[in-house]
Every structure is written in C-alpha cells, then in structure tokens.
Amino acid sequence: MKPQQYHILNGDSLKAQFPKPIKGKIIVAREALVDGNVEGESLEEFYETRATFISSHYAGYSKEDYFEKTVSEFEKIQAIPSEVDINLWFEDDLFCQVNFWFVVHLLNKNNQKNSIFLVRPKEHTQYGFGGLDESELISIYENRLSLGQNELHKIALLWEHYKNNDTEKLLQTAKGLDENYAFILPAIDAHLQRFSSEGKLGRPTESLLQIMKDLDTKEFAPVFREFSKRESIYGFGDLQVKRLFDTIKKQN
C-alpha cells in the first residue's frame, strides 16, 4: 500500500494549479525569507521577527495575518506524522531555495522516519511551476528526487548559514552538495552578489539601473518584467523588486 502523501508548496499560486489527480494533503509555505530580517534564537523569536518585518513592508499583511496564515502552515509541517511521504515542491531560484532550506530545517528537527522528495521543474525559467500544464506537473512529480538523510542534514545547514549570514560556510556546504544538487550553487552565487562591494551596489540594484537605462523608463511595470526575465535566478516578486526600485528612485 502506497504511503500517505503530503505536499509542501512554495506559495498559493501553485496550490491554485495543483493537479487534482495527485492525491495528498497540501501545506503552503507562505514566506519570502529571501527578503528582510531572519534573526531569532528560537522559532518563537524568529516568527516574531518575521511578523514584524512582513507587516511593516508588505501592505495588507498584519502581524496577526502572519501568525494565522504563515506560522500555522509551518506548525502543520512540524506536525506531519511519521511513515508518510513528504513532497517538497520548490523551484531553483533564490526566493524558492531559501524557503526550501527553512522547510528542510523544520523537517530535520522532527527527526522522524519519512521519505522526503524534491519536486522541481526540469529546467529553470522565469515562469517556474506557473509555466507548466497539468500533465507536466504530474510528470515532474512522478520523477521526483529522493532526498537522503545525510543530504537533508546538509540542506538544513544551508538555512542555518543563511540565517547567520555565514557566507563562507554557506558556499562550502553548497559545494558539498553540488554533485547531485547542481541547482543550489547558482542560487547561492546570486545571493552572494546581492551585496554592495568595491563601489558596486549589488547585482539586483545594478541590474535595475541598467534596465531603466536600456528601456529609458522609470515606470515600474516594464522594468519589473525585464528584471524577471534577466534575473530569474532571484525569483523576486513585484514586492521585493518594488522596494529596490523605490530606493533607486529616491536616490536619483
């Protein structure tokens, strides 16, 4: 008899298009851990930090919303029973990857006997799961990648290093995973290029400035579309890009 299936999805858009033939319980990781403060000694402190950041920077999402709609889903992950299959639906971009590392960190803390799988698009594109039809989503599920205990531990460590801003250990751990998980390193390289250095403003900001120059516009919509195309490795949504865009406009 096939074990019960749990599906952890990165966001509600995939939930809306999730194939009906694929059975199982759905949990949604509603976060953007790639953006903002991720400090906190305990999970409780971490959630408080995130609730404060999200409610301050994401219009229409209060602290109460964060605990009700986001923390509640993470608590469901912690409550997944033993002996079931857990399918992690995450893409290769940095936005998805950071959420993926955190979810694996939560699962790793459970220390249970579960078969855990990664479901990801065959190729990285700016559209991700959104660019796949039902049959393609079913196909990647059927070809899901089994994650071993040792690998899960290393992926969980990626979250710890990201949270602690330990870029050296982050890179080192990713290199140790590169043979079987080649998609992790490009996301981490993109993360390391986010920060300003040697007179440069960081890759996302530099890219936005170049796009505004190339398109000869300070209008957000076309700039965002082009950024999504050129810098799909980041997976940033309009909220993350708008914050960078507004900062640039204030300074120019």
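Here, residue 1 is the first one in the sequence, and each next residue gets the next number.
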Kindly work out whether a path of hydrophobic side-chain contacts (I/L/V/M/F/W/Y, heavy atoms less than 4.5 Å apart) joins [X] to [Y].
X	Y	result
Val98	Leu244	yes
Val104	Leu171	yes
Val34	Ile233	yes
Val28	Leu33	no
Val71	Leu43	yes

Between [Y] and [X], is there a side-chain heavy-atom distance shorter than 4.5 Å?
X	Y	result
Pro186	Asp92	no
Phe220	Asp238	yes
Tyr58	Asp65	no
Tyr181	Leu145	yes
Phe95	Gln240	yes
Ile80	Ile8	yes
Asp85	Arg144	yes
His161	Glu168	no

What do you reckon, is NZ of Lys163 surrounded by more than 12 foreign heavy atoms closer than 6.0 Å?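 Buried by this count: over 12 neighbours within 6.0 Å.
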Evaluate whether atom CD of Gln4 has more than 12 neighbouring non-hydrogen atoms of other residues, nucleotides or ligands under 6.0 angstrom away.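 Above 12, so yes.
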In Å, rounded to the nearest 0.5 Å, how long is the span from [atom1] of [X] to [atom2] of [Y]?
X	Y	atom1	atom2	result
Leu88	Phe117	CG	CZ	10.0 Å
Leu137	Tyr141	CG	OH	12.5 Å
His7	Ile27	NE2	CD1	10.5 Å
Phe245	Leu209	CZ	CG	10.0 Å
Lys169	Glu160	NZ	CD	10.5 Å
Ile184	Thr173	CD1	OG1	10.0 Å

So if I apply the ring pair (Phe, Tyr, Trp, His ring centres under 6.0 Å) rule between Phe74 and each of Phe46, Tyr66, Phe102, which one comes out positive?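 Of Phe46, Tyr66, Phe102, ring pair (Phe, Tyr, Trp, His ring centres under 6.0 Å) with Phe74 is met by Phe102 alone.
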Check: His191 ring centroid to Phe195 ring centroid under 6.0 Å: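 Ring centroids of His191 and Phe195 are less than 6.0 Å from each other.
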Pair His124 + Phe183: ring centers closer than 6.0 Å: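 Ring-ring flag for His124/Phe183: false, centres at least 6.0 Å apart.
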Cut-off 3.5 Å, side chains only: do [X] and [Y] have a donor facing an acceptor?
X	Y	value
Asn114	Tyr6	no
Tyr162	Gln97	no
Glu91	Asn10	no

How are the rings of Phe227 and Phe236 set to each other: parallel, tilted or perpendicular (split at 30° and 60°)?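 Rings of Phe227 and Phe236: parallel, as their planes differ by under 30°.
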Give me the ring orientation class for His105 and Trp159: parallel if the planes are under 30° apart, tilted from 30 to 60°, perpendicular past 60°.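 Judged by the thresholds at 30° and 60°, the geometry between His105 and Trp159 is tilted.
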Lys/Arg N to Asp/Glu carboxylate O, [X] vs [Y], below 4.0 Å:
X	Y	value
Lys250	Asp246	no
Asp214	Arg230	yes
Glu226	Lys229	yes
Glu206	Arg203	no

Could you walk me through whether Arg30 and Ile54 satisfy the side chain to side chain contact (heavy atoms under 4.5 Å, CB included) test, starting with their C-alpha distance in whole Å, then the side-chain angles of each, then the deciding distance to 0.1 Å, before giving a yes or no? CA-CA 11 Å; Arg30 290 190 185 99; Ile54 295 288; over 6 Å; no
Judged by atom type as modelled, is there a donor-acceptor pair below 3.5 Å linking the side chain of Ser55 to the main-chain atoms of Thr52?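 It does hold such a pair.
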Any sub-3.5 Å donor-acceptor pair from Arg50's side-chain atoms to Ala32's backbone N or O?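 Side chain of Arg50 to backbone of Ala32, a donor-acceptor pair under 3.5 Å: yes, one is there.
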Can you list the steps and then say if Phe100 with Leu158 is a side chain to side chain contact (heavy atoms under 4.5 Å, CB included)? CA-CA 10 Å; Phe100 168 55; Leu158 291 174; over 6 Å; no
Derivation of the side chain to side chain contact (heavy atoms under 4.5 Å, CB included) call for Ile140 and Phe129: CA-CA 10 Å; Ile140 60 170; Phe129 292 122; 3.6 Å; yes
Go through Trp89 and Ile26 one step at a time and tell me if the side chain to side chain contact (heavy atoms under 4.5 Å, CB included) criterion holds. CA-CA 10 Å; Trp89 294 70; Ile26 290 176; over 6 Å; no
